Amino acid sequence: MPLAEVAPDQRGAMRLQSISWGLGSALVALLISWGLALAGAVSLLAGLETALRSAGCGFFYGLLAFHLQRVDPDDSHLQAGLVGAICGLRSLGAPLGMAALGTALSRAPLAESLPSAMMLAVKGWLPLWLPLIGSALVLHGAQRLLPVLRP
């Protein structure tokens with residue numbers, strides 16, 4: 001239904017639902033990221049910064065997911081693409097530690113050092129992606145269990 005045809009009280013309810021999706025997704029991303037930071041060997045300040053960045057990305061993911069669900073609820077490829085796009089943007093905003101990758105590649109011949117360099121890259125990106133993927137899974141699972149959450 002086009003937004004112009006929606007009653008004003010329904011529009012307010014949809015706004016609140018959209019914001020609740022964003023806040024819920026942000027909270028899940030924050031908790032997952034904070035848990036990863038506490039489990040790892042990072043300082044609390046660095047963990048807090050990472051958690052806040054993940055929460056911000058989770059918030060925008062939740063808002064976009066709500067409106068995507070409202071427009072085309074059956075397009076799972078588009079929903080997966082949204083998760084990938086937000087994860088990609090999050091990855092671009094964080095340092096990867098290229099010095100460690102360069103050191104890993106310069107120690108031995110390429111065939112021997114490439115697997116360790118790839119593992120360093122995955123270990124650098126995985127903490128960035130897990131909170132957002134967790135938010136997407138929780139949001140998708142909540143929609144399946146509680147149909148009232150759908151727009």
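Worth saying up front: this structure is predicted, and the values here are computed from it rather than measured.
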Evaluate the side-chain proximity of Leu132 to Ile32: yes if any heavy-atom separation is below 4.5 Å, no if none is. no
Begin from the C-alpha positions of Leu137 and Val28 and carry the test side-chain contact (heavy atoms from CB on, under 4.5 Å) through to its verdict. CA-CA 10 Å; Leu137 291 174; Val28 170; over 6 Å; no
Ser33 and its side chain to side chain contact (heavy atoms under 4.5 Å, CB included) partner, picked from Cys57, Pro131, Ser135: Pro131
Validation row: Trp21, Gln143 side chains within 4.5 angstrom (heavy atoms): yes
Could you check whether any side-chain heavy atom of Leu48 comes within less than 4.5 Å of a side-chain heavy atom of Trp34, counting everything from C-beta outward? yes
Would you compute the distance between atom CE of Met14 and atom NE2 of His67 and round it to the nearest 0.5 angstrom? 7.5 Å
For Phe60, the hydrophobic cluster (side chain heavy atoms closer than 4.5 Å, chained through members) also holds Ile19, Leu23, Phe59, Leu63
To the nearest 0.5 Å, what is the distance between OG on Ser25 and CG on Leu30? 11.0 Å
Out of curiosity, Tyr61 OH to Leu139 CG, how far, rounded to the nearest 0.5 Å? 5.5 Å
Are the side chain of Ser54 and the backbone of Ala51 linked by a donor-acceptor contact shorter than 3.5 Å? no
